[in-house]
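Working notes, beginning with the structure itself.
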Amino acid sequence: MGKLSNPKETIEVIQKYEFAFQKKFGQNFLIDGRVLDKIIAAANVGPEDFVLEIGPGIGTMTQYLAEHAREVVAVEIDKKLIPILEDTLKEYDNVTIINEDILKFDINQLVQEKNQGKPIKVVANLPYYITTPIIMGLFENNVPIENITVMVQKEVADRMQVGPGSKDYGALSLAVQFYAQPYIVANVPPNCFMPRPGVGSAVIRLTRHKEKPVEVKDEALLFALIRAAFNQRRKTLQNAISNAGLGITKEQVLEALTKLNLSPTIRGEALNLKEFAALSDELTTK
Ligand code: SAM
């Protein structure tokens, strides 16, 4: 079997198996080898690495990963793709395919069993409708991870990377940057996929921080404040936080802002992660 990373081979496989693309699973397969080279290089996949691939499709990226990594586990939700993957990956003895929904799959257990709990690399061309739950799930469940290199909707990549002052800055930017250092590797146009998606895409690498950029007394409160601030983005922090059902009054927010030398009318979109952390500690009663 040749490399799948071109339109001809992809069409051959699709026709051989009479595969019907499923929109509900976000199936847009990569057909450009140059993009795959960039992903492998950015993830820095080498012969020591254990790689988890989320959503292998027909195995286009999996072939590249198998050639560079020590071991690859690919988790695919669509059972119709499993016989195809068994065929397209039969030449590789370092790949395991698992038919599961990644959102229900115990990745921590996999890392214990297959990599003795040591940090893994995650590589994926993600189904766009579940990009955020997948990435946040990996971080929040404390999966041992070195980096996550993923294809996402361009707009989402921008949101992960920006800081205060951009219209794209929001809860996702802060949540991602709390756990990792984002870096946009490449923008990828729709013609690199089959079928073509209706939006532009980008590859982003998230390198997990060895040490957290901020330490807070109560992480749950920090994230609750961030969510409250951006749920009501146009409101002042005083109003957004006191309306969020957190048991915090306007006066308490005002007092905290004053202590931190921040304007009483400031909005969440003007605060960076360090300032949110300081505000969170001021409002922690424990
Ligand atoms: N990696 C392939 C490529 O680059 O050509 C396919 C990428 S396609 C954008 C996304 C893949 O994720 C599809 O194969 C889809 O079936 C799979 N997928 C969608 N939701 C999933 C889930 N919850 N768990 C695991 N795989 C999923």
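Since the model is a prediction, treat every value here as computed from it, not as a measurement. Start at 1 and go down the list; that is how both ligands and their atoms are numbered.
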> What atoms of ligand 1 come closer than 4.0 angstrom to any heavy atom of V75?
Replying inline: 25 (C), 26 (N)

> Among L65, L81, I77, D32, which residue places a heavy atom closest to atom 22 (C) of ligand 1?
Replying inline: I77

>> Quick check on R34: does its CZ atom have over 12 non-hydrogen neighbours (other residues, nucleotides or ligands) under 6.0 Å away?
In response: no

> Is there a path from M136 to V111 through hydrophobic residues (I, L, V, M, F, W, Y) whose side chains come within less than 4.5 Å of each other?
Replying inline: yes

> Taking the minimum heavy-atom distance to atom 19 (C) of ligand 1, which of Y128, F29, Y64, F25 ranks first?
Replying inline: F25

>> Has N141 got a side-chain atom pairing as donor or acceptor with V143's backbone, closer than 3.5 angstrom?
In response: no

>> Below the 3.5 angstrom mark, is there an N/O of D78, backbone or side chain, next to an N/O of ligand 1?
In response: no

>> Does only the side chain of P56 get under 4.0 Å from ligand 1, or the backbone, or both, or neither? Count heavy atoms.
In response: backbone

>> Suppose we measure from atom 14 (O) of ligand 1 to each protein heavy atom; which comes out shortest, and what is that distance?
In response: E76 OE1, 2.7 Å

> Any idea which atoms of ligand 1 are less than 4.0 Å away from a heavy-atom of E100?
Replying inline: 24 (N), 25 (C)

> Salt bridge check: are K8 and E12 linked by an N-O gap of less than 4.0 Å?
Replying inline: yes

> Hey, which atoms in ligand 1 end up nearer than 4.0 Å to a heavy atom of Q27?
Replying inline: 13 (C), 15 (C), 16 (O)

>> Can a donor-acceptor pair be found, under 3.5 Å and without considering hydrogens, that links the side chain of N99 to the backbone of E76?
In response: yes

>> Students should be able to answer this: which protein heavy-atom is nearest to atom 3 (C) of ligand 1, and at what distance?
In response: N125 ND2, 3.5 Å

>> Going by side-chain contact (heavy atoms from CB on, under 4.5 Å), L279 matches just one of L222, L260, L262. Which one?
In response: L260

> Can a donor-acceptor pair be found between the side chains of Y179 and E140 at a distance below 3.5 Å?
Replying inline: no

> Between CD1 of I130 and CG of L103, what distance do you get to the nearest 0.5 Å?
Replying inline: 4.5 Å

>> Quick check on contacts: which atoms of ligand 1 are under 4.0 angstrom from a heavy atom of P127?
In response: 12 (O), 18 (N), 19 (C), 20 (N)

> Taking atom 5 (O) of ligand 1 as the point of reference, which of L103, N28, L30 owns the nearest heavy atom?
Replying inline: L30

> Of the choices P197, G59, S201, G26, which has the non-hydrogen atom that lies closest to atom 8 (S) of ligand 1?
Replying inline: G26

>> Among residues at least two apart in sequence or on other chains, which ones pass ring-ring contact (aromatic ring centres under 6.0 Å, His included) with F21?
In response: F19, F29

> With backbone taken as N, CA, C and O and side chain as the heavy atoms from C-beta onward, which portion of E53 lies under 4.0 Å from ligand 1: side chain, backbone, both, or neither?
Replying inline: side chain

> Do ligand 1 and G57 have nitrogen or oxygen atoms that lie under 3.5 Å from each other?
Replying inline: yes

> Looking only at heavy atoms of Y129, does any of them come nearer than 4.0 Å to an atom of ligand 1?
Replying inline: yes

> Non-hydrogen atoms of M151 versus ligand 1: any pair closer than 4.0 Å?
Replying inline: no

Under 3.5 Å, which donor-acceptor pairs link side chains of residues 45-53 to any protein atom two or more places apart or in another chain?
from, atom 1, to, atom 2, distance (Å)
D49, OD2, G46, N, 2.8
D49, OD2, K121, NZ, 2.9
E53, OE1, T62, OG1, 2.6

> Are the charged groups of K80 and D78 less than 4.0 angstrom apart, N to O?
Replying inline: no

> What do we get for I130 next to ligand 1 when only non-hydrogen atoms under 4.0 Å count, side chain, backbone, both or neither?
Replying inline: side chain

> Got the closest protein heavy atom to atom 23 (N) of ligand 1, with its distance?
Replying inline: D101 OD1, 2.8 Å

> Taking distance alone, with no angle check, do I102 and ligand 1 share an N/O pair under 3.5 Å?
Replying inline: yes

> Is it the case that more than 12 heavy atoms not belonging to E67 sit under 6.0 Å from its CD atom?
Replying inline: yes

> For atom 11 (C) of ligand 1, which candidate among G55, A74, C192 holds the nearest heavy atom?
Replying inline: G55

